[in-house]
Number of protein chains: 2
Amino acid sequence: MAAQRGQRGGVGGDTPPAPTAAEITTPIPRVADVPAARERARAVPEAAVARLAVYLRVLSAMQEQGAVTVSSEELSAAAGVNSAKLRKDLSYIGSYGTRGVGYEVTVLIEEIERILGLTRKHSVAVVGIGNLGHALANYGGFPGRGFPVSALFDVDPDLVGVPVGGIAVHHIDDIPRVCSEREVSIGVIATPPPAAQTVCDRLVEAGVQCILNFAPVVLQVPDHVEVRKVDLAVELQVLSFHVARRADDAAATGGRQVNGMVVS
Amino acid sequence: MAAQRGQRGGVGGDTPPAPTAAEITTPIPRVADVPAARERARAVPEAAVARLAVYLRVLSAMQEQGAVTVSSEELSAAAGVNSAKLRKDLSYIGSYGTRGVGYEVTVLIEEIERILGLTRKHSVAVVGIGNLGHALANYGGFPGRGFPVSALFDVDPDLVGVPVGGIAVHHIDDIPRVCSEREVSIGVIATPPPAAQTVCDRLVEAGVQCILNFAPVVLQVPDHVEVRKVDLAVELQVLSFHVARRADDAAATGGRQVNGMVVS
DNA sequence: TAATGTGAAGGGGTTCACAGCC
DNA sequence: GGCTGTGAACCCCTTCACATTA
């Protein structure tokens, strides 16, 4: 068992991990025709992967508005990064731009989707149908599609059998069976903290290799399981830190305050 | 207006930002007695701040179980990081350990709380009382206390006046007035994407300087406003990327698959 | 001419390894 | 002897700046 790496806790902010490339054993190609682009995927930095997802969303919005071409300048502005970073990120997945012109929107969308593995459906199981679990289940076919919620679990016998967002809730004892049957590839943990590790163990037992953890707990998982964490308390505390820093600066420089916080 | 930096979006994962230290104008101490530790706070790396919040949670749990002292080895294991990183993180806030012994739990808790600004209450406003907003409002005095939810907002006239988690919902037009009255320091955006920027602008107008954004939108804010993002779609797509990478490795090395994913 | 793609420089953060102190 | 605190090496990522190409 190894503790999850990083924190990406990042609900947003957080500071991410960077799964050591060294962990990945050298591949010994045996099957013919592994596309070269896939080979390259291995080299995309974790930080860039997260941004590719953002670019993809921006590109989809642009496409809906009829855009055919974008320059790195336009796209980067819309995504909130600088253009050099955008170009570097795109260069990790290949050369799909035209010098002097820009990128074709549809081409970029296709390539990013391919690299992110979005050409395939990823069934999601949500465990813990409290307030948050309810909200997650009702996203109904998670953000951006491609992530159908196909199983719900809870310990509460009163909840078992009740449909939430169109799907019946199962008991957590059935995690292994149901997850295997429905080929769940991503488990979402939205339980109270004390239950999180147990639930996690069952998901792993069921063959789930990716976990999105909303419980404020550091999960212990085998090396082959990928965990990402969304930690509300951490997010708020990081913001709190910034408020405090500003207050200190104000105390030191004599700035004005509004809402207990420093202005300018 | 500047686009938010980084993405910490990371719901967890994601890869965070790192608000350039260069942005912070050099402080010119004018008020006497600014504690030295506060001076140092400015130097704590963003990544370390997020981890300090995690250490704090682990320490609190240890304290409840009666622990008086911890070594860096114990604490780091519980927090899922290596011990050198933990010690380095703690060194940013001062030297509160005893060589040959370890750290006093209560001392560490106090110091981390102080650095994170948790000795002060931070009122939270939640905007957008849909599924997610509901869940957030019902956390009732947010995770870990110190973050009382003191205002709720929505556009829907049918929701205005209705109490959620014990607090009446206001119309978003009242954001400036109510946020000022209640000294809101953190705004949480849980609206649909199209409304997010408008809501953000009003929060900024109301003097809110920290925003936690759950809407899948890149917010444009003035430089003095701190934004952290929790982006579910990005988190799922990053996990999807890892599933895809594994599948590629398997195709290349001839591994077995379970639930459409590669084992070992 | 205009904008991509990228080597190289620069900066942050992580890890190592050991000096310092109890 | 044991564990903290930290300089220094290392590594990843970001940023710069320009050669390259349509």
Side-chain angles (χ1 to χ4, degrees), chain A residues 3 5-10 13-24 40 42-52 55 69-77 79-105 107-108 111, chain B residues 3 5-8 10 14-24 40 42-52 55 69-77 79-105 107-108 111:
Chain A
R5 25 227 182 290
Q7 94 105 333
R8 207 19 173 70
D14 178 337
T15 304
T20 47
E23 277 175 20
I24 303 158
R40 219 182 279 129
R42 198 165 289 103
V44 183
E46 183 87 359
V49 171
R51 285 190 299 268
L52 285 173
Y55 305 153
T69 286
V70 269
S71 67
S72 63
E73 210 62 56
E74 295 169 306
L75 183 51
S76 66
V81 303
N82 83 29
S83 65
K85 190 190 284 186
L86 172 91
R87 289 198 300 279
K88 174 81 46 173
D89 286 345
L90 293 181
S91 79
Y92 293 129
I93 67 173
S95 295
Y96 302 107
T98 307
R99 291 165 199 247
V101 180
Y103 303 88
E104 227 176 295
V105 174
V107 171
L108 229 42
E111 294 303 328
Chain B
R5 26 228 184 287
Q7 93 106 334
R8 194 21 95 99
D14 173 1
T15 303
T20 48
E23 277 174 21
I24 303 159
R40 220 183 277 123
R42 198 165 289 104
V44 183
E46 183 87 359
V49 171
R51 285 190 300 266
L52 284 172
Y55 305 153
T69 286
V70 267
S71 67
S72 62
E73 209 63 56
E74 294 169 307
L75 183 51
S76 66
V81 304
N82 82 31
S83 66
K85 189 189 284 187
L86 172 91
R87 289 198 302 275
K88 174 74 67 171
D89 286 344
L90 293 181
S91 78
Y92 293 129
I93 67 174
S95 295
Y96 303 107
T98 307
R99 291 164 199 249
V101 180
Y103 304 87
E104 227 174 295
V105 174
V107 171
L108 228 43
E111 294 302 329

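Computed over heavy atoms, backbone and side chain alike; hydrogens, waters and symmetry mates excluded. Numbers restart at 1 for each chain; the letters A, B, ... are given by sequence-line order, proteins then strands.
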Open item on the list: So, using side-chain contact (heavy atoms from CB on, under 4.5 Å) as the criterion, who are the partners of A:K85 when residues are at least two apart?
Closed with: A:R51, A:V81, A:N82, A:D89
Open item on the list: I need the A:K88 NZ to A:S83 OG distance, nearest 0.5 Å.
Closed with: 12.5 Å
Task: Nucleotide C:dA3, atom P - distance to CD of A:E74 in whole Å - done: 9 Å
TODO: Sugar-phosphate means primed atoms, P, OP1 and OP2; the rest is base. With that split, encode nucleotides 16-22 of chain D 5' to 3' as B, S or - using protein heavy atoms under 4.0 Å.
DONE: BB-BBBB
Task: For the student: nearest non-hydrogen atoms of A:L75 and A:Y55, plus distance - done: CD1-O, 4.4 Å
Task: Among C:dT6, D:dT14, C:dT14, the nucleotide that comes nearest once only the side chain of B:K85 is considered - done: C:dT14
TODO: Hey, could you give me the CD/OG1 distance between B:E104 and B:T98, rounded to the nearest 0.5 Å?
DONE: 7.0 Å
Task: Length of the CG-C1' vector between B:L86 and D:dG5, whole Å - done: 12 Å
Open item on the list: Applying side chain to side chain donor-acceptor pair (under 3.5 Å), can you list everything that pairs with A:Y103, at least two apart in sequence or on another chain?
Closed with: none
Open item on the list: With a 4.0 Å limit, can you tell me whether B:S71 has a side-chain N or O closer than that to the phosphate oxygens OP1/OP2 of D:dC3?
Closed with: no
Open item on the list: Quick check on D:dG5: is either OP1 or OP2 less than 4.0 Å from any side-chain nitrogen or oxygen of B:Y103?
Closed with: yes
Task: B:D89 CG to C:dG12 P, straight-line distance once rounded to whole Å - done: 17 Å
Open item on the list: Using whole Å, what does the distance between atom C1' of nucleotide D:dT4 and atom CG of B:L75 come to?
Closed with: 13 Å
TODO: Starting at atom OH of A:Y92, determine the distance to atom P of D:dT15, rounded to an integer number of angstrom.
DONE: 11 Å
Task: Separation of atom CG in B:L108 from atom C1' in D:dT4, rounded to whole Å - done: 12 Å
TODO: Let me know the distance between CD of A:E73 and C1' of C:dT1, rounded to the nearest Å.
DONE: 16 Å
Open item on the list: Applying side chain to side chain donor-acceptor pair (under 3.5 Å), can you list everything that pairs with A:S76, at least two apart in sequence or on another chain?
Closed with: none
Task: Where B:I93 and B:E111 come nearest, the two heavy atoms and their spacing - done: CD1-CB, 4.2 Å
- [ ] Take atom CD of A:E46 and atom P of D:dC11, then tell me their distance rounded to the nearest Å.
- [x] 19 Å
